[in-house]
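This is a predicted model, so every value here is computed, not measured. Each chain gets a letter, A, B and so on, in the order the sequences are listed, and its residues count up from 1.
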2 protein chains.
Amino acid sequence: MAGRPRSFDRDTALAAAIEQFWRTGYEETTIAMLTRAMGVTPPSLYAAFGDKDRLFEEASTLYFRRTCEAVDRAVARPTVHEAIAAMLDDTARAHTDATTPLGCLMLTEPRLAAQREVLHGRLSDRISRGVREGDLPDTVQPDTLASFLVAVMRGMSGCAKDGGSTEEVLAIAGAAVAALPQTPHQAQV
Amino acid sequence: MAGRPRSFDRDTALAAAIEQFWRTGYEETTIAMLTRAMGVTPPSLYAAFGDKDRLFEEASTLYFRRTCEAVDRAVARPTVHEAIAAMLDDTARAHTDATTPLGCLMLTEPRLAAQREVLHGRLSDRISRGVREGDLPDTVQPDTLASFLVAVMRGMSGCAKDGGSTEEVLAIAGAAVAALPQTPHQAQV
DNA sequence: CTCTTTCTGTAGCGATCACTATGAATTACG
DNA sequence: CGTAATTCATAGTGATCGCTACAGAAAGAG
């Protein structure tokens, strides 16, 4: 059951597909764009990845996994304030990174609401822990603060897509961090 | 130089076009969708509005004018905090209004960055006035706070488009309002 | 070598894209 | 009325959409 071997690297092609979807979104990305970006003809694309929907599914899932890793790394900081500051700082830099498309696929693509829901849950969990540990006043509603943070990151992504500089997106992140509720014992800087 | 009169109301058709672009964005909106929504055949559409680009231009400009009026009304409040709170509250309700499409065309559509820039400028001006009048500490950078507010509103629009409830979007607005810098003489509630 | 299997590029499928040629229909003017 | 002007609906245009039939090419198995 052997046959002619594939003439391209599947992972490399998938990475190119991620970039293309990232740049132009699901709907505006055509198969022609993908085949050009991936260096593959249509039949090879369909044989290796199924159809456009399944390719997007695979691409966005891999993108999501990487994003989650980055979020987890930031969120592992000892205090909530450090965690959120690190996450927003990373986010601002990633959204304006010159080596990748602008903004964030997960935050931008309409059909990835489920991924955003997962992100929201992770943030909510981290915030809950912060409240338990006294980093935040217990008047804070983790769900609400998590929604706020997702909204801010989405706004940062949009700003980056509009051509906003790293400094401008970082400033948005900074404003959000400065906005976090402080516990009474913390100094207001 | 008379001729057969137009059998549809141009303003009504334009309103329908606004709704359609609002719901599905420029790129994903097809002429077929527009003709159906507007109750007009393609030749009539092209005769009355030019091509798809010019129709979108006209539709988005009218949408923008209305949005600006709402923003101006909110921003006219005596203090910056009231102004921003009113604007974000209105925004949250508008984004989840059941009688209109979800979210905000101006904040969502990639090609309307120029309109967002104008909104940013208005907010920046209002914030500058607030700093001059002592509503905000003079450490506040109007540009940055305006960018932050635009980002939050964009995030609210995205949340609404994802199906978020009025309460959830209002909560984001509330979190942003609570985040506004206070002058020393103001009580921290 | 042949046979089977799998991948390759070419070329094209029907559907839909934005857009329009055409001629009948409907008005005002004389 | 007749004529000019304008809009109307029908029925398409070529281009591109996602996707695939087909036949040749490249591998292992015998």
Side-chain angles (χ1 to χ4, degrees), chain A residues 1-63 101 105 108-112, chain B residues 1-63 101 105 108-112:
Chain A
M1 46 144 134
R4 178 173 175 173
R6 178 176 289 135
S7 68
F8 61 93
D9 182 67
R10 196 180 185 280
D11 293 341
T12 304
L14 181 58
I18 290 177
E19 274 227 2
Q20 189 60 56
F21 280 127
W22 190 350
R23 213 181 309 270
T24 51
Y26 177 82
E27 294 291 348
E28 294 190 49
T29 300
T30 67
I31 298 291
M33 288 177 186
L34 289 166
T35 55
R36 189 160 44 82
M38 300 163 79
V40 156
T41 57
S44 298
L45 186 153
Y46 281 87
F49 297 102
D51 58 8
K52 187 186 174 187
D53 263 71
R54 272 183 286 182
L55 174 56
F56 178 76
E57 173 75 19
E58 189 169 347
S60 62
T61 299
L62 178 52
Y63 182 97
L105 175 61
T108 302
E109 178 57 44
R111 63 172 60 194
L112 294 181
Chain B
M1 45 149 140
R4 178 173 176 172
R6 178 176 290 137
S7 67
F8 60 94
D9 182 66
R10 196 180 184 280
D11 293 341
T12 304
L14 181 58
I18 290 177
E19 273 227 3
Q20 188 61 54
F21 280 128
W22 191 349
R23 214 181 309 271
T24 50
Y26 177 82
E27 294 289 350
E28 296 189 49
T29 299
T30 67
I31 299 292
M33 288 178 187
L34 289 167
T35 55
R36 190 161 43 85
M38 299 164 78
V40 157
T41 57
S44 297
L45 186 152
Y46 280 88
F49 298 102
D51 58 7
K52 187 185 174 186
D53 264 71
R54 272 183 287 181
L55 173 56
F56 178 76
E57 174 75 19
E58 190 169 345
S60 62
T61 299
L62 178 51
Y63 182 97
L105 174 62
T108 303
E109 177 58 44
R111 64 174 58 195
L112 294 181

Do the non-hydrogen side-chain atoms of Phe56(B) and Leu34(B) ever get within less than 4.5 Å of each other? no
Any ion pair linking Arg54(A) and Glu58(A) (charged N to carboxylate O, less than 4.0 Å)? no
Considering every strand and a 4.0 Å limit on heavy-atom distances, what is the contact class for Pro5(B): base, sugar-phosphate, or nothing? sugar-phosphate
Rounded to whole Å, how long is the line connecting atom CG of Leu45(B) with atom P of dT20(C)? 11 Å
Does a nitrogen or oxygen in the side chain of Tyr46(B) sit under 4.0 Å from OP1 or OP2 of dC19(C)? yes
What is the separation between atom CZ on Phe8(B) and atom C1' on dT7(D), rounded to the nearest whole Å? 9 Å
With a non-hydrogen cut-off below 4.0 angstrom, is Thr30(A) in contact with a base, only sugar-phosphate, or nothing? sugar-phosphate
Distance, rounded to the nearest Å, where Arg54(B) contributes CZ and dA18(C) contributes C1': 13 Å
Ranking dC19(C), dT7(D), dC19(D) by distance to the side chain of Lys52(B), first place goes to dC19(C)
What is the distance from CZ of Arg4(A) to P of dT5(C), rounded to the nearest Å? 17 Å
How long is the gap from OG1 on Thr24(A) to CG on Leu105(A), to the nearest 0.5 Å? 9.5 Å
Could you give the distance from CE (Met33(A)) to CD (Gln20(A)), rounded to the nearest 0.5 Å? 6.0 Å
Rounded distance (Å) that lies between atom C1' of dC19(C) and atom CD1 of Ile31(B): 8 Å
Of all the nucleotides listed (dC19(C), dG28(D), dC8(D)), which has the minimum atom distance to the side chain of Pro42(B)? dC19(C)
Just how far, in rounded Å, is P of dC8(D) from CE of Met38(B)? 11 Å
If you assign each of Pro43(A) and Met33(A) to its closest nucleotide in DNA chain D, which residue comes earlier from the 5' end? Met33(A)
Need one value for Thr35(A): base, sugar-phosphate or nothing, where a base atom within 4.0 Å counts as base even if backbone is also close, heavy atoms only. nothing
Using a cut-off of less than 4.0 Å, is there contact between a side-chain N or O of Ser7(B) and OP1 or OP2 of dC8(D)? yes
Report yes if a side-chain nitrogen or oxygen of Thr41(B) is closer than 4.0 Å to either non-bridging phosphate oxygen (OP1 or OP2) of dC8(D); otherwise report no. no
Using atom CD of Glu27(B) as one end and atom C1' of dA18(C) as the other, report the distance to the nearest whole Å. 12 Å
Length of the CZ-P vector between Arg36(A) and dG18(D), whole Å: 13 Å
Check the angle between the aromatic planes of Phe21(A) and Tyr26(A) and answer parallel, tilted or perpendicular using the 30° and 60° thresholds. parallel
Tell me which of Gly39(A) and Asp51(B) sits closer to the 5' end of DNA chain C, going by the nucleotide each one is nearest to. Gly39(A)
